[in-house]
Structure formats: C-alpha cells, structure tokens
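A short worksheet on the structure shown next.
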Amino acid sequence: MLKVSVLLVVLTAAYCFKSYDRYKIVRVDVGSEANLQSILSLESEGLLEVFSESRLGYVDVLVSPKNLAKCQKSLHSIGLRSVERVDDVGAQILQEKAALLSAAPMADGSYSYDSYHRYDVMISHLESLVASHSSEAEIVDVGTSYEGRTIKAIRMTADISSDESDDKPMIWLDGGIHAREWVSPATMMYIIDSILGEQETDKSDKMGELLAKFQIVVAPCINPDGYEYTHTTDRLWRKTRKPSGCRWGKKNWFGGCFYRMCYGADPNRNWAADWGNSGVSDDRCSLVYPGKEPFDQENTKAVKTYLENHSDKLKLYATYHSYSQLFLTPVGYTTTKPENWKHHKKVGDAVVAAIAQRNKGTAPYIAMQSAGLYPASGDSADWVHDVLGLTDSYTFELRPDGNSNVGFELPADQILPTAQENVDGLLALIDNIEYNNI
Ligand code: ARG
Ligand code: ZN
C-alpha cells in the first residue's frame with residue numbers, strides 16, 4: 001500500500017505538478033537598500049525569486065538548478081554573502097504531498113486541523129456550520145473568481161435573522177489572498193469554529209459577548225483559483241490565475257507570445273492605495289505584478305465591493321498571510337508614520353503579547369509598521385485604512401518565523417498551535433480597537 005502511494009506521488013509529481021527538483025533556497029545577507037535593489041534586479045532577470053516576506057538583514061531566495069551557478073557568480077560579484085538553507089525544495093514538496101495523500105478523507109461537511117484541505121472542503125464545512133448554527137451564522141456570497149468559483153464568507157452574529165443584526169458594527173477577516181500561504185485559510189477556519197463554539201470551548205462566554213455586539217464576517221480563502229492551483233499544479237503559486245498577457249507585451253509573428261503567456265496578478269498589490277508605485281513590477285510574469293489597473297482581478301474587486309457596501313459599519317479589518325510571524329500596522333507604501341500610529345503601536349503590543357502568552361517557548365510575533373518590512377503599494381489593509389478611512393486595519397504574517405527552512409510548507413502538525421495562538425491574538429486585537437475604547 002505504502003509503495004503504491006509513493007509511486008502515485010512520484011507519478012503525479014512527474015506528470016502534472018510543477019517540479020522543484022533540486023531547486024534551492026539560499027539566504028542572502030542584505031545590509032543596505034542598494035544590496036536589496038541588486039537582488040531585485042537579479043530577480044527581474046529571472047535568476048532567482050525572492051521568497052521571504054521579511055527583508056530585515058537577509059532575504060531567502062529560490063534558485064533553480066539551471067540558474068544556480070550563474071546566480072552564485074552574480075551574488076559573489078556584487079559582494080553579497082549567501083548560504084544554502086534548503087538543498088532540495090522539490091523533496092520538501094513531495095514530502096508534503098505524501099502526507100496529504102495519506103491523510104484520511106474528510107466526511108462531507110467536516111473539517112480537521114491535522115491536514116490542509118481543498119477549497120470545497122472548507123466551503124462545505126461552512127455550510128454545515130450554518131446548518132447547525134442557523135440562528136447565528138449565514139453564508140455570504142462575496143463574488144465570483146476569474147475561474148468561476150464562488151468566494152464565500154460566513155457571517156456570524158447573535159439573532160442573525162433580525163433586521164438589527166445588519167446594523168451592528170462589523171469585523172471583517174480574510175485569509176488566503178496569496179495562494180501558497182496554506183496556513184492562512186486553515187487558521188481562518190479555526191477562528192470561525194472557535195467563534196461558533198466548535199473549538200476553544202472554554203471561551204464560549206467571550207464569544208457570546210462578541211456575537212451579541214458585532215457581526216463578524218470571515219472569508220477564509222479569497223483567492224480560491226490560486227489556492228486550488230497550488231494543490232493541483234504548482235505548490236508555490238502566489239497570484240491569481242487570470243491571464244495577464246504576453247511577457248513584456250511581446251507577441252510573435254503567429255499571434256502567440258514571443259516569450260510566454262503570463263498568468264495572474266498579485267492580489268495584494270491590486271488595491272487602489274498608492275497603487276503601482278513601490279514593491280511591484282511591470283513584468284506581467286512577476287510575482288508582484290499589480291495588475292493592469294486597481295481591482296482588475298475579480299477576487300479583489302468582489303471583496304472591495306463588499307467592504308465598500310458595509311463601510312459605515314466596519315470597525316476592524318484584518319488579513320492573514322504567511323510567513324514570518326508578524327503583526328503589521330498601516331501603512332505599507334511609505335515608512336512615514338500615519339497620524340494614528342500611536343494607537344497602532346498599542347494595538348500591536350497587545351496582540352503580540354497575547355500570542356506569546358498562548359504558546360510560550362516558541363519564537364514571538366513582532367509588531368511593526370508594514371512598510372518597515374518593505375515598502376509595497378496596493379495592499380488590502382492600506383486600501384481599507386486610506387480609502388475607507390478605517391484606523392484599525394491590519395495584516396498578520398503567521399508561522400513559521402522568518403528564520404525557518406519550511407517557509408510556506410508549514411508542517412501540518414503546526415496548524416493547530418498557529419490557529420490557537422491566533423484566536424488569542426484576535427481577541428486581544430478586538431479588545432484594543434478604537435471602537436471598543438471610546
Ligand atoms: N507579505 C505581504 C505581501 O507581500 C504583506 C506585506 C505587507 N504590506 C506591505 N506593504 N509591506 O503582500
Ligand atoms: Zn502573503
């Protein structure tokens with residue numbers, strides 16, 4: 001049996017899955033902004049791909065076996081020190097795939113935190129929660145993705161069918177905007193289960209109070225096309241899946257692409273807040289291509305429209321990414337402090353303290369202004385902050401910590417501790433938002 005499944009893994013890997021066989025993760029020291037720019041220019045030449053979210057002191061980059069020698073030579077010639085961190089990314093991915101294949105299949109509507117699950121499994125669990133909590137939960141259809149998947153959220157509040165419930169102050173949480181950050185949707189599912197008393201049962205009083213006061217809308221996976229693609233085809237896909245045109249806009253004589261067709265935009269560069277100015281690339285094939293214009297991606301447009309329609313009630317926006325264990329406060333496109341940064345600092349301190357309290361002995365989360373990580377325009381939290389004018393608009397980076405070798409492939413046994421500490425982080429966050437302190 002084991003042999004058969006291993007064979008299956010190898011076959012799937014060989015025939016439909018993008019291979020990362022002998023790709024390496026290399027850590028490069030970056031002392032200065034100039035060094036970082038050199039690395040980014042190697043990235044635009046296609047020699048490497050910047051992998052880590054944090055750029056404080058070093059970055060981790062992904063290098064293919066084909067480019068390795070050339071890449072090392074270039075790094076060396078600019079005087080950048082590098083060390084190998086992962087010698088075969090492909091092997092790491094196969095290991096994860098094998099674990100997924102050996103996980104027990106989920107019965108319809110159920111969910112577990114010992115494995116990562118497909119989009120339809122998440123949605124059918126939301127539907128089963130709504131069926132068993134019909135007085136406090138309903139499904140919201142936020143919109144449709146490019147490939148036609150319904151982006152669903154769950155809206156939770158006490159006495160949900162009453163007219164008054166629509167007017168309650170709103171909390172919005174989303175996950176999975178970046179496809180490969182698998183622990184994000186998993187954490188959102190746990191947060192939903194906890195709010196409805198299916199998990200964290202010792203917190204039922206607190207959750208009851210929250211449901212009485214707020215309407216809480218959670219969209220666990222707002223880039224379902226990308227998420228599914230990471231399961232079927234390319235584990236390290238980040239963007240959406242809408243074709244964005246030929247690379248550098250160049251066609252060949254036969255009307256095809258001269259280089260190649262590019263797919264997707266970075267959905268966290270696609271929002272109309274300082275759109276297109278920093279931390280982006282006009283290469284349509286780039287990981288940080290912001291789209292042709294703000295909201296040209298179906299999924300960001302759908303979420304934006306929902307948020308706009310409820311902006312008069314919105315009191316908290318939080319979006320969940322991985323990895324690096326950070327709590328990021330606005331704004332992300334400039335290191336200039338926003339006028340409400342003192343409040344952000346206080347909130348950040350409270351959130352990271354609550355997380356540290358839950359899982360003692362693991363590396364702490366760090367709170368900082370988002371642009372301190374690296375300036376990047378067009379992210380969702382900045383749009384909510386700047387355009388909807390909401391003070392409490394934040395980005396989480398979940399496990400692993402920035403020093404990790406596993407990166408986006410957080411082993412499934414860490415889903416639960418990640419999710420648990422983030423229930424506590426969220427409760428501390430809610431306690432500290434402006435709305436709860438006036
Ligand atoms: N790591 C996420 C991303 O690259 C969030 C970045 C936070 N925003 C920022 N402007 N630095 O999209
Ligand atoms: Zn992300």
Side-chain angles (χ1 to χ4, degrees), residues 33 36 40 43 49-56 59-62 173-188 219-223 226-227 230 235-240 264-281 286-291 294 297 299-300 303 317-338 341 344 348 365-387 393-402 404 407-410 418 422:
E33 183 54 33
L36 184 59
L40 295 178
E43 182 173 51
E49 191 181 288
V50 175
F51 216 53
S52 46
E53 298 293 351
S54 165
R55 297 181 183 183
L56 310 168
V59 289
D60 287 347
V61 302
L62 178 70
L173 311 176
D174 63 59
I177 192 171
H178 284 144
R180 62 192 175 185
E181 300 168 6
W182 284 7
V183 73
S184 160
T187 299
M188 305 323 289
C221 186
I222 61 170
N223 178 11
Y227 184 75
T230 61
R235 173 65 183 87
L236 297 178
W237 192 256
R238 163 181 168 101
K239 299 187 285 180
T240 59
D266 182 342
N268 207 35
R269 300 288 181 279
N270 191 237
W271 299 65
D274 195 47
W275 180 86
N277 288 325
S278 48
V280 295
S281 165
S286 158
L287 284 181
V288 287
Y289 175 63
Q297 304 298 303
N299 62 331
T300 56
V303 175
Y317 173 87
T319 182
Y320 289 73
H321 291 247
S322 74
Y323 61 95
S324 290
Q325 297 186 191
L326 300 165
F327 178 75
L328 301 173
T329 63
V331 290
Y333 51 83
T334 169
T335 49
T336 308
K337 292 191 161 50
W341 72 273
H344 294 148
Y365 285 52
I366 295 165
M368 63 192 287
Q369 187 181 331
S370 179
L373 186 61
Y374 50 86
S377 297
D379 79 16
S380 64
D382 282 355
W383 181 81
V384 172
H385 179 266
D386 288 9
V387 178
S393 180
Y394 305 102
T395 302
F396 283 89
E397 295 283 354
L398 303 175
R399 291 195 193 194
D401 67 69
S404 153
F408 303 106
E409 289 150 90
L410 184 71
T418 307
N422 278 287

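Residue indices begin at 1 and follow the sequence shown. Ligands are counted one by one from 1 in listed order, and the atoms in each one are counted from 1 as well. Just so it is clear, the model here is predicted, and its values are computed rather than measured.
Not a single heavy atom of Glu181 sits less than 4.0 Å from an atom of ligand 1.
The distance between the ring centers of His385 and Tyr317 does not fall below 6.0 angstrom. Phe396 and Tyr365 have their aromatic ring centers separated by at least 6.0 angstrom.
For ligand 1, the polar-atom distance check finds no N/O of Ala371 at less than 3.5 Å from any of the ligand's N/O atoms. Inclusion of Tyr333 in the set of residues having an N or O under 3.5 Å from an N or O of ligand 1 is not warranted.
Not a single donor-acceptor pair under 3.5 Å links the side chain of Arg180 to the backbone N or O of Arg235.
Heavy-atom proximity to Ser370, at under 4.0 Å, picks out these atoms of ligand 1: 7 (C), 8 (N), 9 (C), 10 (N), 11 (N). Residue-ligand proximity, Leu328 to ligand 1, at heavy-atom distances under 4.0 Å covers atoms 7 (C). Ligand-side atoms of ligand 1 in range of His178: 3 (C), 12 (O), range being under 4.0 angstrom from any heavy atom. Of all atoms in ligand 1, numbered sequentially from 1 with element shown, those under 4.0 Å from a heavy atom of Arg269 are 3 (C), 4 (O), 12 (O). Near Arg238, meaning under 4.0 Å from one of its heavy atoms, ligand 1 places the atoms 3 (C), 4 (O), 12 (O). The distance from ligand 1 to the heavy atoms of Glu397 drops below 4.0 Å at these ligand atoms: 1 (N), 2 (C), 5 (C). Of all atoms in ligand 1, numbered sequentially from 1 with element shown, those under 4.0 Å from a heavy atom of Asp379 are 7 (C), 8 (N), 9 (C), 10 (N).
Of all the N, O or S atoms in His321, the one closest to the Zn ion (ligand 2) is ND1. The N, O or S atom of His178 lying closest to the Zn ion (ligand 2) is ND1.
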**Request:** Before giving the answer on side chain to side chain contact (heavy atoms under 4.5 Å, CB included), spell out for Ser370 and Thr329 the whole-Å C-alpha distance, their side-chain angles and the decisive distance to 0.1 Å.
**Result:** CA-CA 5 Å; Ser370 179; Thr329 63; 5.9 Å; no
**Message:** Run Val384 and Tyr394 through side chain to side chain contact (heavy atoms under 4.5 Å, CB included) and show every step you take.
**Reply:** CA-CA 9 Å; Val384 172; Tyr394 305 102; over 6 Å; no
**Asked** Can Trp182 and Thr230 be said to form a side-chain hydrogen bond (donor to acceptor under 3.5 Å, both in side chains), step by step?
**Response** CA-CA 9 Å; Trp182 284 7; Thr230 61; 2.8 Å; yes
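By the 4.5 Å heavy-atom criterion applied to side chains, Asp174 and Met188 are not counted as neighbours. Here the side chains of Leu398 and Gln325 are not in contact, with every heavy-atom distance at 4.5 Å or above.
What sits closest to atom 1 (N) of ligand 1 on the protein, heavy atoms only, is Glu53 OE1, 2.4 Å. Nearest non-hydrogen protein atom to atom 4 (O) of ligand 1 is Tyr374 OH, 2.6 Å.
Atoms OG and CZ, from Ser322 and Arg399 in turn, are 12.5 Å apart once rounded to the nearest 0.5 Å.
Here Glu181 meets the criterion, with an N, O or S atom under 2.8 Å of the Zn ion (ligand 2).
Residues Tyr320 and Ser184 share a closest heavy-atom pair of O-OG, 2.7 Å.
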